[in-house]
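Before any comments, here is the structure.
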There are 2 protein chains.
Amino acid sequence: MPSIPKTSPATIGLIQHACPIDASASPNASPEKTRNHAIDMMRDAANQGATTIITQELFHLPYFCRREDDSLFDLAETIPGPTTDALCTTAKKLNVEISASLFEKRATGVYHNTTVFINPTGKIVGTYRKMHIPDDPSFYEKFYFTPGDPPTPPHVSPGVPDNHSGTDRAGWQNFNSSTSALKFGPLICWDQWFPEAARLTAMRGADVLLYPTAIGYLDGEPADEQQRQRDAWITMQRSHAIANGIYVAACNRVGREGELQFWGSSFIADPGGTIIAQASQTDEQILLAPIDPARIEATRRMWPFLRDRRIDAYSDLTKRLID
Amino acid sequence: MPSIPKTSPATIGLIQHACPIDASASPNASPEKTRNHAIDMMRDAANQGATTIITQELFHLPYFCRREDDSLFDLAETIPGPTTDALCTTAKKLNVEISASLFEKRATGVYHNTTVFINPTGKIVGTYRKMHIPDDPSFYEKFYFTPGDPPTPPHVSPGVPDNHSGTDRAGWQNFNSSTSALKFGPLICWDQWFPEAARLTAMRGADVLLYPTAIGYLDGEPADEQQRQRDAWITMQRSHAIANGIYVAACNRVGREGELQFWGSSFIADPGGTIIAQASQTDEQILLAPIDPARIEATRRMWPFLRDRRIDAYSDLTKRLID
């Protein structure tokens, strides 16, 4: 894995790994062990130049939504809690930001699929609770997750080095002169199929859409249908980059869990929708890519879709169907 | 070109051709000659099994928006007018539907980029006026086109053969038992970059999104950027198929007009986003594909995105940005 120089405005690092469920086959087969393994990978990512580290969805847990079981609510943690404590310590130690996806116990009987954003001082500076909740065989998420509220303001990153300035930065300063920070727009997995979620988050000023994900092949589906699904997953998220002139980072897990073979393939797309980094379908991997706000400005000047939205004609989008 | 049997529920035929501007180089270099050439292609498409024929954008005119020139408003026609008269005659003669994209003179000083939908009796049964209007070098459309109103109800096609019924049709009947007709959702070119337009049209019950288009490579742009643009154009429209579980048909012109080399590549994607037919980048071509409403039902049952839209959280989509 080549190291990316720190001279780029920011470098995100995706942490793609397995969440083993068979202790006889893996030394990481418990939530705590998987968490420690992920933290080891975060250290490696920081050493390779990552300034913002992104986890996969429910990063240290087996994908427990494969069945509906009351007892599995015990896997949830409060925020703050043991896992965010460990991640806050890690962020401070490595001097990085961390965006981590967790199973949150918010209140008695109220659980969410939640992203926390931690800054380099080790402080939680934002949360996002998954808005769109799937439910289909082997993905029984409506049983576990209360739907989240509308997108929060993007998490502001202080990760842009102070020494980055000059002509290639001018456009960005014009676009949002109040801050030189990057803004990360948190979304989660099933949200990725909804252009509305991407648009709202871009409209709030995000530079990068983050999609921690747990998606894979379901045993028994034909191979060509499996490949179609993976291709659609990539196509859909690339379309959010294109439609909004924005970076997109999707981080998915790998490995087999029961009837599911998670397909990895974590990737980062630039504001033109071009994939600038992509991980393996099967292997654990740290995936790095630079984020340059000047490219957002340049892309949106060339294809100014945000200029031409017909906001006078969009009110029916709040309906189910138009009869 | 293989003929597709009429036993499929409907077969759409895209008419991809050039609009020559140099009379010394082409026998079709006038709007009337190009129109007659397109009508010849429509006859061939019907002979090959097409039940609904789709033109490219401003199908018989040079892409006049390459410059701003008052005199070019003379190219516009009323609806009905000579071109729709010719197309209505053609539709009746061939016993097909025609969706045709025209430069419409609606009133003194009010011009639109308009699709008309003509049924097999030769009657105009619907119009759609382009909602999202681009404007960038060599594509000065804001000078010519008044923005259209929000999407109209889809044009209902009687094109589903009466003899098509049985088990593979049951799902569709459940989805919309009031009609057995296909519904075509008209959109035009720049609309294709706006997920809002696709969504609204799908919400109105369309089975197929139609995108007549005039898009090409601009001289002087690097080759890799040209290919990125074409790839983004395909990706974006495939994403509308995926997000809405709907067919998408995009019909683009070919040929050089001044500094523009139109890239053809007309295609039809199925409700899973898979391209089921695609035309050349350079040659005139009739592109046929079957449309089966049962596939929409099956796709939406598997990936029920329309079930999970968070309409309680989408009201900000009618804003420019969220500050």
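Proteins come first, then strands; the chains are lettered A, B, ... in the order of their sequence lines, and each starts at number 1.
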Just by distance, no angles: are the side chains of [X] and [Y] close enough, under 3.5 Å, to form a donor-acceptor pair?
X	Y	value
Gln226(B)	Glu221(B)	no
Tyr217(B)	Glu259(B)	no
Asp219(A)	Gln261(A)	no

Under 4.5 Å from a heavy atom of chain B, the part of [X] involved:
X	answer
Glu225(A)	side chain
Asp135(A)	both
Arg310(A)	both
Thr318(A)	both
Lys142(A)	side chain

With rounding to the nearest 0.5 Å, note down the distance linking CD1 in Ile242(B) to OG1 in Thr299(B). 10.5 Å
What's the spacing between Ile215(A) CD1 and Cys189(A) SG if we round to 0.5 Å? 5.5 Å
Angle between ring planes, Trp263(A) versus Trp233(A), binned at 30° and 60°: parallel, tilted or perpendicular? perpendicular
Contact part of [X] toward chain A, heavy-atom cut-off under 4.5 Å: side chain, backbone, both or neither?
X	answer
Ile234(B)	neither
Pro147(B)	both
Arg228(B)	side chain

Is any NZ, NE, NH1 or NH2 atom of the basic residue among Asp191(B) and Lys130(B) found under 4.0 Å from an Asp or Glu carboxylate oxygen of the other? no
What option among [options] has the most heavy-atom pairs under 4.5 Å with chain B?
options	value
Met302(A), Met236(A), His240(A), Gln237(A)	Met236(A)
Ala241(A), Pro134(A), Ala243(A), Pro137(A)	Ala243(A)
Gly273(A), Ala232(A), Pro304(A)	Ala232(A)
Asp136(A), Thr274(A), Asp231(A)	Asp231(A)
Lys319(A), Gln229(A), Arg309(A), Arg238(A)	Arg309(A)

Phe64(B) and Tyr144(B) aromatic centres sub-6.0 Å: yes
Paired with His132(B), the ring-ring contact (aromatic ring centres under 6.0 Å, His included) test is passed by just one of Tyr211(B), Phe194(B), Trp190(B), namely Phe194(B)
